[in-house]
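Read the structure below first, then the notes.
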Amino acid sequence: LDNNYHRLKPRRTRSNRMINSASIVMFPKPNSTKTTRFPHQSVVVSLLLTGIIFTSSVHSFSVLTSPSRCNTQTLKVKDHTGSRHYDRRPSATAPFPDSHSLTKRRESNVRTHRAKIGSESSTALDMSPTSILGTLHKDTSFILSTLLVVSAGGIAMEQKTTFGKALSAPLVTMLMTLILANIGLIPFSSPVYGLINKFLVPPAVPLFLFDSDLKRVIRDAGSLLLAFLVGAVSTVIGTIAAFALIPLKALGLEQGWKVACALAARHIGGAINFVAVADTLNIDGGIVSAAIAADNVVVAIYFAFLFYLATSGESGKNITDDRGKLTTETNMSEPSLSEEISIPNEENKTITTSSIAYSIATASCLVTLGGVLTNAICPSLSSLVISSLLTVASATIFPSWFQSLRTSGTAIGILFLQLFFAASGAAGSLLLVLRQAPSLIAFSAVQLVIHFLVLVGLGRGLLKMDPNELYLASNANVGGPTTAAAMAQAKEWPRLVLPALLVGVLGYATATAVSLSLGPLLIRLATR
């Protein structure tokens, strides 16, 4: 030690004075002749310091364990053994916990704090793709927006690309949603799909039938009407024969005959009739996707076959209108999926804001009236059948009103139909479609082969009809009015453009009821 340590001035505190006194006692000044006043002061000071430390520790512990600080604090820690409760309130028998309980309490506090921090961080930072997709799958706005975008994309692809034109907008739309659902971007089931089937499909059927004036069809269709009726009968015969040969057992006993009815409706009227029958018979969405995909492949090949057989240029007798003039062209042009839909000036009488509003209101009233009559007459029957019949009757009785709404009604119906195909594709499994497609392709192919053979046999052999009219009528049966009119224009048959459109609309009006009437017979064939 420095010999000058005793020259340092002590601090003016009680504890330091005490320590200074102790240091003087333990380390006296050099060359000091004085003796200590208390020879045992070092022992006394040590005992005093020990007492101070002990008193401070007891005071701190009593403050930490006082009832005022912990009478409401109860910890609940859950581990693999279950739920354990640690009550920090002192009891009467054990006012202070022992060291073992203190250790357990300390460990439980640490575990609870870490678990709380972990849960908060995981909640705040959980941005994994699975959690994001799970949130989006529950968002109806996201699902509806996706279906609308895909539906618009299907229409655009049919308009702009050769690939889309070859497949058609419904098939492109259905394939896109089928892929999106199978890679997990949209769910397989959603309330949005049910809302589309419940609220958009029923008005779509009347919207397509606004031009179904039966008086005009009978008056202007000419000999093509007879060819169309022969084609419809050929489809019925082809459906029964194909189902007897290929009963579609891979789809199940309940679904096989329903799909056969839906395909019969498709090959008499068109896609809208397929949708109506599928909705009426509650066909599974995955099976609808597989059936449409398989049938489109067969129909594309069949159309190519019809175009190959048909000859270009006029043939047969001319069809005259009411004034005795040759009908070479028509103002009637059935809107197809490739037409642009816009809201122009009110002076343009194609599609206007008012025509859209009138079309939706008229279709809604027809669906409501059809539902009321169905419940009163035959509750077990689908309201789409009565609604279709009411629309045909109304269009025949009030042709001028429905003619003014024809273009806008068909455009809106196309959008609703696109949403139906989008929802059907989203509800289908890609593996299921690939598994069911072979039997469906075989059934559709056999159905159309028999349809063509019966059509040519009855039309050419028995009725001696023009083969070009038979081919055009078959096109109207299988594809509907738009494909039939396109074939008439491509083959330079201007006199047959209007009749092709008219008989195609007649198929829309009659195919649903005709195909549903096949149900009992197909059920007997399935259960034999």
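When only modelled atom types and interatomic distance are considered, Asp211 and Gln403 share a side-chain donor-acceptor pair under 3.5 Å. Under the 3.5 Å distance criterion, with hydrogens and angles disregarded, a donor-acceptor pair is assigned to the side chains of Ser474 and His451. For the residue pair Ser359/Thr362, the side-chain donor-acceptor check at 3.5 Å is not satisfied. With no hydrogens or angles considered, a side-chain donor-acceptor pair links Gln418 and Thr173 at under 3.5 Å.
Distance CZ/Phe307 to CG/Asn475: 6.0 Å, rounded to 0.5 Å. If you take OH on Tyr193 and CG on Leu144, they are separated by 10.5 Å, rounding to the nearest 0.5 Å. Interatomic distance, CG of Asn477 versus OG of Ser234, reported as 8.0 Å (0.5 Å rounding). Residue Leu384 holds its CG atom at 4.5 Å from OG1 of Thr280, rounded to the nearest 0.5 Å. Once rounded to the nearest 0.5 Å, the distance linking OG of Ser424 with CZ of Phe274 reads 8.0 Å. Separation of atoms CD1 (Ile386) and CG (Leu366) is listed at 12.5 Å; rounding is to 0.5 Å.
Ala262 and Ile283 get closest at one heavy-atom pair: CB-CD1, 4.0 Å. Minimum interatomic distance between Leu224 and Ala500 (heavy atoms only, all atoms of both residues): CD2-N, 3.5 Å. Here the closest heavy-atom approach between residue Ala511 and residue Ala265 is recorded as CB-O, 3.6 Å. Contact detail for Val298 and Ile441: the closest heavy-atom pair is CG2-O, 3.7 Å. Of all the heavy atoms in Ala395 and Leu209, the pair that sits closest is CB-O, 4.0 Å. The shortest heavy-atom contact between Val150 and Met176 is O-CE, 3.4 Å.
Ile292 is listed as a side-chain neighbour of Asn296, based on a closest heavy-atom distance under 4.5 Å. Under the 4.5 Å side-chain criterion, counting only non-hydrogen atoms from C-beta, Val478 is in contact with Phe303. Side-chain contact between Asp284 and Val288 is absent, with no heavy-atom pair separated by less than 4.5 Å. Taking the side chain as every heavy atom from C-beta outward, Asp295 and His267 approach each other to under 4.5 Å. Contact check for Leu506 versus Leu225: side-chain heavy atoms found under the 4.5 Å cut-off. Taking the side chain as every heavy atom from C-beta outward, Thr311 and Lys491 never approach each other to under 4.5 Å. Put simply, the side chain of Leu419 reaches to within 4.5 Å of the side chain of Leu148, judged on heavy atoms. The shortest side-chain heavy-atom distance between Val172 and Glu158 does not fall under the 4.5 Å cut-off.
Thr396 places a side-chain N or O within 3.5 Å of a backbone atom of Leu214 that can act as its donor or acceptor partner. Panel note: side chain Asn197, backbone Gly194; no donor-acceptor pair is recorded below 3.5 Å. Although no hydrogens or angles enter the test, the distance criterion places no donor-acceptor pair under 3.5 Å between the side chain of Asp279 and the main chain of Val275. Between the side chain of Arg460 and the main chain of Met465, a donor-acceptor pair closer than 3.5 Å is present. Without hydrogens or angle criteria, Thr235 side chain to Gly231 main chain gives a donor-acceptor distance under 3.5 Å. A donor-acceptor pair under 3.5 Å is formed between the side chain of Ser387 and the backbone N or O of Ser383. Using modelled atom types, one side-chain atom of Thr177 and one backbone atom of Ala422 make a donor-acceptor pair closer than 3.5 Å. Within the 3.5 Å criterion, the main-chain N or O of Thr352 finds a donor-acceptor partner in the side chain of Ser355.
Remark: aromatic rings of Phe305 and Phe452 are close, center separation under 6.0 Å. Under the 6.0 Å cut-off for aromatic ring centres, Trp401 and Tyr358 qualify, their centroids lying closer than that.
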One pair to check against side-chain contact (heavy atoms from CB on, under 4.5 Å): Thr410 and Leu207. What are the steps and the verdict? CA-CA 6 Å; Thr410 306; Leu207 287 170; over 6 Å; no

Apply the test side-chain contact (heavy atoms from CB on, under 4.5 Å) to residues Ser364 and Val367: give CA-CA distance (whole Å), side-chain angles for both, the deciding distance (0.1 Å), then the verdict. CA-CA 5 Å; Ser364 178; Val367 169; 5.8 Å; no

Chi angles and distances behind the side-chain contact (heavy atoms from CB on, under 4.5 Å) call for Val392, Tyr508: CA-CA 10 Å; Val392 173; Tyr508 283 166; over 6 Å; no

With side chain to side chain donor-acceptor pair (under 3.5 Å) as the criterion, how do Thr239 and Gln447 come out once you've worked through the C-alpha distance, each side chain's angles and the decisive distance to 0.1 Å? CA-CA 5 Å; Thr239 302; Gln447 185 185 33; 2.6 Å; yes

Would Gln436 and Ile287 satisfy side-chain contact (heavy atoms from CB on, under 4.5 Å), going step by step from the backbone distance to the final call? CA-CA 8 Å; Gln436 295 172 344; Ile287 297 177; 3.8 Å; yes

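Between Arg495 and Glu469 there is a salt bridge, since at least one side-chain N of the basic residue sits less than 4.0 Å from a carboxylate O of the acidic one.
Of the candidates Ser151, Pro203, Pro202, Phe416 forms a side-chain contact (heavy atoms from CB on, under 4.5 Å) with just one, namely Pro203.
In Phe398, the CZ atom is not crowded: 12 or fewer heavy atoms of neighbouring residues, nucleotides or ligands sit closer than 6.0 Å.
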